[in-house]
Protein chains: 2
Amino acid sequence: MTTDRTDAAAVAEATTPESGIADPIPEATLARLPIYMRGLLEVAGDGVTTVSSRRLADLSGVNAAKVRKDLSYVGTRGTRGVGYEVDRLIREIGMVLSGEVTPVVIIGVGNLGRALSRYDGFVAGGFPVLALVDADSSMVGRRIAGVIVSHVDDLGKVVAETGCLLGIVATPAHAAQVAVDGLIAAGIRSILNFAPAVVSVPAEVELRKVDLATELQILGYHEHRREAANPQQVA
Amino acid sequence: MTTDRTDAAAVAEATTPESGIADPIPEATLARLPIYMRGLLEVAGDGVTTVSSRRLADLSGVNAAKVRKDLSYVGTRGTRGVGYEVDRLIREIGMVLSGEVTPVVIIGVGNLGRALSRYDGFVAGGFPVLALVDADSSMVGRRIAGVIVSHVDDLGKVVAETGCLLGIVATPAHAAQVAVDGLIAAGIRSILNFAPAVVSVPAEVELRKVDLATELQILGYHEHRREAANPQQVA
DNA sequence: AAGCGATTGTGCACGCATTCACATGCATGG
DNA sequence: CCATGCATGTGAATGCGTGCACAATCGCTT
Ligand SMILES: NC(=O)c1ccc[n+]([C@@H]2O[C@H](COP(=O)([O-])OP(=O)(O)OC[C@H]3O[C@@H](n4cnc5c(N)ncnc54)[C@H](O)[C@@H]3O)[C@@H](O)[C@H]2O)c1
Ligand SMILES: NC(=O)c1ccc[n+]([C@@H]2O[C@H](COP(=O)([O-])OP(=O)(O)OC[C@H]3O[C@@H](n4cnc5c(N)ncnc54)[C@H](O)[C@@H]3O)[C@@H](O)[C@H]2O)c1
């Protein structure tokens, strides 16, 4: 179950020929690359040309050894005794993280969908929201952040026209599975789900979820626990 | 480094006297409890009184053994050959997840802050947003989802009056550290940060982050990678 | 009353991620 | 041109999370 590829294919895939990028970059590393990127862009703005793993670790709030191991997956080689070249790092991490602009479609234009549509951080990060769809016909035709809302029935057409590769689900929970199925039918294979619902997808589709209620409950647990252990009055 | 408590203290802390709740519930388990809860509430609505780990696993999209191990941390004992009592499970998971209502304060009432304020799922989950603060005085005094926006300078007062225990940061990235410091000064010790910035907090404060841009970038990486491996034309 | 089918509870092994520790190797200064 | 110092790159140890596999145990049927 680990892999059904041949050994030859696995070896060929171990590194890409041109760059030294290890092909399956660990998820944990992947999640940190954007953080490093932010720190790098920051120091680059200050005119700094090289950073040590130590410095980048401080900027990112992580361990220095972790930074070095992470960067080794990206293929970047630093210079011993000096550090890493900032520009090169930015370029190479940028290459790994979806190289170019990747347009996004949002399905469900309610409170959350609208907030996400207007988020300029997505555009800045190379993820412009180029399509919005909703099931509510009173919403269809409205313009939000420069994009006209289409009806969910036209999802396939809209996705094809705009070339969206990523889908964001912001419908109510009970519509989440339908929404996801629609996105997949439209050719989308990478989906971010905000609805608090368990949805199933075929193996070739990448589904990630953001569950805000769960985040609060985890915080609540710790808060709760702290108070139980340490009963101090606020007043 | 594993623990610097005495063995006696560790043993005393292993379980709370009244219930069989293992005290430090693993983070991974904790993150799944709300999912189980949703499935349980769903089947409870259908009048079902018992569930097997298998059934709950299917409802939650996880492995059955994982469900059983998770529930063992909660302290619930099922009946062999039968399953778990739904009502009891709901009650006991509810106990673990911050027992009662936990009010929340949101700092930064922009696009995202407003969407979160209006999210009824928080109220339903026992996390009512009872306070809103912003630095922009033109925002102060406005009413959003029944709550009047206060000035960030009054954060301490507002938190004290409303008894908020959880803080949500929805300010721009450059203000995130200031916002977090403010929350901590106001007595908040559990914080959820939406700003894409590295912030530091004292050890006793629990800080979680939700980084939407990173989520998209991880999806983008996989999409990117899939296309590189499998160059198929859309048209 | 006893066997049977079903489901729990958990020991165990495996893999991923984190972190330490240190040898390796480059740049710089004398 | 060589020595010195500093930061990289990585081997190895540890811990956490996952999932298999199975014995223990319960209710129900005969
Ligand atoms: N608002 C928040 O801050 C927030 C926070 C966390 C999670 N969420 C989750 O995000 C989702 C959206 O939240 P919201 O507050 O925006 O809800 P909302 O009710 O404001 O918006 C939902 C939108 O989805 C549309 N919709 C319904 N069914 C659809 C379908 N089949 N296809 C396309 N569109 C459809 C509706 O017309 C509506 O416009 C919910 O699942 C919610 O639980 C929201
Ligand atoms: N909008 C989204 O969908 C979205 C998505 C992902 C992440 N984010 C992040 O969430 C944060 C908020 O996003 P937004 O779109 O709501 O931005 P926004 O600019 O619409 O709102 C930010 C609000 O914070 C207030 N503010 C600024 N400094 C403050 C301070 N020191 N104390 C209190 N309030 C202060 C501003 O007055 C403003 O009202 C940003 O960091 C953004 O990167 C937003």
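Chain naming here is simple, since letters A, B, ... match the order of the sequence lines and numbering starts at 1 in each. Only heavy atoms go into these numbers, but all of them, side chains included; no hydrogens, no water, no symmetry mates.
- Arg32(B) places its CZ atom 11 Å from the C1' atom of dG19(D), with the value rounded to the nearest Å.
- The CD atom of Glu85(B) sits 17 Å away from the P atom of dT7(C) (whole-angstrom rounding).
- Inter-residue side-chain proximity for Glu27(A) and His222(B) is flagged as met; some heavy-atom pair is nearer than 4.5 Å.
- In this model, the phosphate group of dT4(D) is not approached by any side-chain N or O of Arg80(A) to a distance below 4.0 Å at OP1 or OP2.
- As rounded to whole Å, 13 Å separates atom P of dG9(C) from atom OH of Tyr73(B).
- A 4.5 Å side-chain heavy-atom check between Leu56(B) and Leu89(B) finds at least one atom pair inside the cut-off.
- The nearest pair of heavy atoms linking Gly125(B) to Gln217(A) is O-NE2, 4.2 Å.
- In this structure the side chain of Val62(B) never reaches within 4.5 angstrom of the side chain of Asp70(B), judged on heavy atoms.
- Phosphate proximity of dA7(D) to Arg77(A): absent, as no side-chain N or O sits under 4.0 Å from OP1 or OP2.
- Below the 3.5 angstrom threshold, one finds no donor paired with an acceptor across the side chain of Lys69(B) and the base of dT10(C).
- For the OP1/OP2 pair of dG9(D) and a distance below 4.0 Å, the side-chain nitrogens and oxygens of Tyr84(A) include at least one atom meeting the criterion.
- Remark: P of dT8(D) and CG of Leu71(A) are 9 Å apart, rounded to the nearest angstrom.
- Each side chain to side chain donor-acceptor pair (under 3.5 Å) pair with one or both residues in residues 168-184 of chain A, not counting sequence neighbours, appears once here: Gln177(A)-Asp181(A).
- In this structure, CG of Asp70(A) is placed 13 Å from P of dT8(D), rounded to the nearest angstrom.
- The distance between atom CG of Leu89(A) and atom P of dA7(D), rounded to the nearest whole Å, is 16 Å.
- Of the residues in residues 42-68 of chain B, Asn63(B), Ala65(B), Lys66(B), Arg68(B) come within less than 4.0 Å of DNA chain D through at least one heavy atom, sorted by number.
- Within the 4.5 Å cutoff, the side chain of Arg38(B) has heavy atoms near those of the Pro196(A) side chain.
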